Each structure stands twice: as structure tokens, then as C-alpha cells.
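Down below is the structure, laid out as C-alpha cells.
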There are 2 protein chains.
Amino acid sequence: MNAQTINKIKDLLEKHGIQPSYQRIKIMEFLYKNKNHPTIEEIYNNLSPEIPTLSRTTVYNTIHLFNQKGLVSVICIDEKEMHVDPDVKPHIHFKCIKCGRIYDIKEPAEVFSWDSIDGHIIYEKEIFLKGICKHCKNESI
Amino acid sequence: MNAQTINKIKDLLEKHGIQPSYQRIKIMEFLYKNKNHPTIEEIYNNLSPEIPTLSRTTVYNTIHLFNQKGLVSVICIDEKEMHVDPDVKPHIHFKCIKCGRIYDIKEPAEVFSWDSIDGHIIYEKEIFLKGICKHCKNESI
DNA sequence: GTATCTGCAAAACATTTGCAATTCT
DNA sequence: AGAATTGCAAATGTTTTGCAGATAC
């Protein structure tokens, strides 16, 4: 991994008022390299070999901080585990019920343009689709 | 509660291949009287006085069975607890981040008419909105 | 009389919390 | 030195599982 990437991430964090600690930089770097909506466990398992002292607590802390500062969004698409998405622009998520993969869908949805409905003020919008993805469809028996 | 209601629920359960046990009838009755997306805990707490032997396990078992048979849908709108919705027709949910209430939104969404996207087959569609509801908005300081 | 349903107790599991040790500036 | 960050260990809270007793057909 090159120094230029690290510096870009450092700048990004500082611009959002986040102290760029080693752990935070590595976690953000991992998110940008793995846009497959990893879970906390996946982030932890992947970075553990390189950062042997890393704890799950730090991953949780860091993701909460990133989420709070608007750097990532946390998606709770059923199941029990939360997934981390470095793309904070509103978009549709499709989850395959066979392989578990989560896909980003670029298709626009009018819901994303609403800022209120029935008198309620809208701050967050999520569209979750579930089914069989194009890969699993073709692998069927 | 009248015998007519019980019979309607019995018929409904039997029509879906579900043995109409006392617990199942009471849980379904509760769901039809309380359309506010109750949690397992709320169902359990409300029925416990009337059915002292009721266990959380039975509520879980029953809701999973109902869900499997298409009688209710289970919604996981962030947080940790699941909510039960006796309305299985696709519709938008709005959750107030202040009071926690979940509202059904009647507004149509084009997403609900899709049955595939980007080559993926869609079986389930969920739209979750979050913000401040019209009641909390007016109660603000 | 056999299959199904119920419910207790324990397990599983993701996430949070308290706090002490470490690391930055 | 002082403030922020890290990470261990324990707690929390929801859901699941194993199994024995009760109930229904």
C-alpha cells in the first residue's frame, strides 16, 4: 500500500474532524478496498493479521465514529449483523437470500427525493430488496 | 372478545394449514387489534396476564410460523428487536427517531412493482424512512 | 397412541459498557 | 502532563436451541 493513499485517507479523516490514528486509517483503507458491505467481524478478521492487537471494540468505535461524521453508512438489512457501506449517497441495496451477497443498485427511486411524507420529516431513506441474484440464478440445479 | 372473532381467526389459521391452538389464536387476535408493529416482548407482555403460562419461546415460534405461512411480515427496521406487521401487502414504513413509533405509509412506490432488477430476481421489497413524526415535530421545545 | 405444540433453562451471538493501559500532542 | 484512543473483560439483550412435559387429534 502506497504512502499517497495513506495521505489521502489522513486528509479525509482530518477534514471530518477525526484524528487519523493507525487503526482508523487501516479501517478506512479496508473499506475503500472492500466495497462489499463488510460486517464488523469481516473487518476485524481481515485486519487482525496485520494489526495483531486490534480489538473488535475498536472496530465498533471507529465505525460508529465514521457513521456519526457521515463518512460511512451502517445498513441493517435483516439478519443480526450490521454491514458497513462507504457509499453514503442514497441507493438501493439488493441482498441475495442464497449467497448473502449485498449489491448496490444504481436505479433511481422517487423515494430518495422526498423530504417529508404525511407530515413526517424524513432524515433517512433505505430501500432493501431481497431475492436470488443473477449469479445464484444461473448456478441453480 | 366475541366468539365470532375467534371463529374468523380459527378459519384463517386453518386455511393456511396452521392448527388453531389457544396461544396461536390469542397472538393473532392481538396482532389484529394492535396494528402498531409490536415487538415480541410487547406481544408477550400484553398477553402474559391473560395467559400466565405463555413463554417468549412460544411467541417466537408462532410469529415465525405465521411469517412462513405468509400471515404476517417481520420487519427489522434498525435497532435490535424485530417488529411484527399483520399487513403483508408491500407498503412503506416510517420510524420516528424520537418516539420510536412506526407508521404505515400508503404512498405508492414504483419499486413495489418491480420483480427483477439488474438481472436479480426480487422476492421481497422494503422501504424504510426515518425522521421526526408529525406528533413529535409539534411537541418540540 | 402418536404427532404436535408448549415452555423452561441454557446457549449463542452481536453489540455495548467500564475501566485501565497505552499512545498521541 | 493532559487528552484522546485503544482494547480487554464483563455485561447486556435478543433470538435460538434442546429437551421434557402437556396437549390435541
Side-chain angles (χ1 to χ4, degrees), chain A residues 6 9-10 13-14 16-30 37-69 71-84 95 100 102, chain B residues 6 9-11 13-14 16-30 37-69 71-84 100 102:
Chain A
I6 295 189
I9 293 175
K10 268 191 186 171
L13 296 184
E14 277 168 350
H16 285 80
I18 298 171
Q19 272 190 41
S21 75
Y22 178 61
Q23 287 86 339
R24 288 169 180 173
I25 291 169
K26 296 304 275 181
I27 290 171
M28 184 51 88
E29 188 201 357
F30 179 81
H37 316 85
T39 62
I40 297 290
E41 197 63 21
E42 283 163 357
I43 298 170
Y44 173 76
N45 287 335
N46 278 277
L47 292 178
S48 240
E50 205 180 340
I51 316 168
T53 63
L54 184 67
S55 76
R56 259 167 274 256
T57 306
T58 298
V59 182
Y60 277 110
N61 286 342
T62 304
I63 296 305
H64 287 153
L65 182 67
F66 286 176
N67 183 41
Q68 206 176 295
K69 299 287 188 183
L71 278 172
V72 304
S73 58
V74 167
I75 61 179
C76 305
I77 185 166
D78 89 326
E79 323 276 292
K80 34 221 64 180
E81 304 170 277
M82 61 197 239
H83 294 259
V84 183
K95 171 160 185 162
I102 297 172
Chain B
I6 296 191
I9 293 175
K10 268 191 187 171
D11 285 354
L13 296 183
E14 276 169 350
H16 284 80
I18 298 171
Q19 273 189 41
S21 76
Y22 178 61
Q23 286 86 339
R24 289 170 180 173
I25 291 170
K26 296 304 275 181
I27 291 172
M28 183 52 87
E29 188 202 356
F30 179 81
H37 317 85
T39 61
I40 297 290
E41 197 62 20
E42 283 163 357
I43 298 171
Y44 173 76
N45 287 336
N46 277 277
L47 291 178
S48 241
E50 205 180 344
I51 315 169
T53 64
L54 184 68
S55 76
R56 259 167 272 257
T57 306
T58 297
V59 181
Y60 276 111
N61 286 342
T62 303
I63 295 305
H64 287 153
L65 182 67
F66 287 174
N67 184 41
Q68 207 175 295
K69 300 289 187 180
L71 279 172
V72 304
S73 59
V74 168
I75 63 179
C76 306
I77 185 165
D78 88 325
E79 322 279 290
K80 32 222 65 177
E81 305 169 278
M82 62 196 238
H83 294 258
V84 183
I102 297 173

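Every chain is numbered from 1, with letters handed out A, B, ... down the list of sequences. Bear in mind the structure is a predicted one, so any value in this text is a computation, not a measurement. For the numbers below, each heavy atom of this structure counts, side chains included, while hydrogens, waters and symmetry mates do not.
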Self-check item: Earlier contact from the 5' end, DNA chain D, for A/L65 and A/P52
Solution: A/L65

Quiz prompt | Gap between atoms CZ and C1', on A/R24 and C/dC24 respectively (whole Å) | solution = 11 Å

Exercise. With sequence neighbours excluded, tell me which residues meet side chain to side chain donor-acceptor pair (under 3.5 Å) with A/T57.
Key: none

Quiz item: Which atom names give the shortest non-hydrogen contact between B/R24 and B/Q19, and what distance separates them?
Solution: NH1-O, 3.1 Å

Quiz prompt | Under 4.0 angstrom between B/S21 side-chain N/O and C/dC5 OP1 or OP2 | solution = no

Exercise. Scan nucleotides 20-25 of chain D nucleotide by nucleotide, 5' to 3', and note B when protein non-hydrogen atoms come under 4.0 Å of the base, S if they reach only the sugar-phosphate, - if neither.
Key: ------

Self-check item: Under the salt bridge (Lys or Arg N to Asp or Glu O under 4.0 Å) test, residues paired with A/E81 that sit two or more places apart
Solution: none

Quiz item: What residues, two or more places apart in sequence or in another chain, satisfy salt bridge (Lys or Arg N to Asp or Glu O under 4.0 Å) together with A/E41?
Solution: A/R56

Exercise. Specify the angle, to 10°, made by the local axes at the two ends of the helix from C/dG1-D/dC25 to C/dT25-D/dA1 when five pairs are taken at each end.
Key: 20°

Quiz item: Are any of A/S55's side-chain N or O atoms less than 4.0 Å away from OP1 or OP2 of D/dT6?
Solution: no

Quiz item: What string of B, S and - do you get for nucleotides 15-23 of chain C 5' to 3' if you count protein non-hydrogen atoms under 4.0 Å?
Solution: BBB------

Exercise. Classify the nucleic acid contact of B/T53 as base, sugar-phosphate or nothing, counting any heavy atom under 4.0 Å across all strands shown.
Key: sugar-phosphate

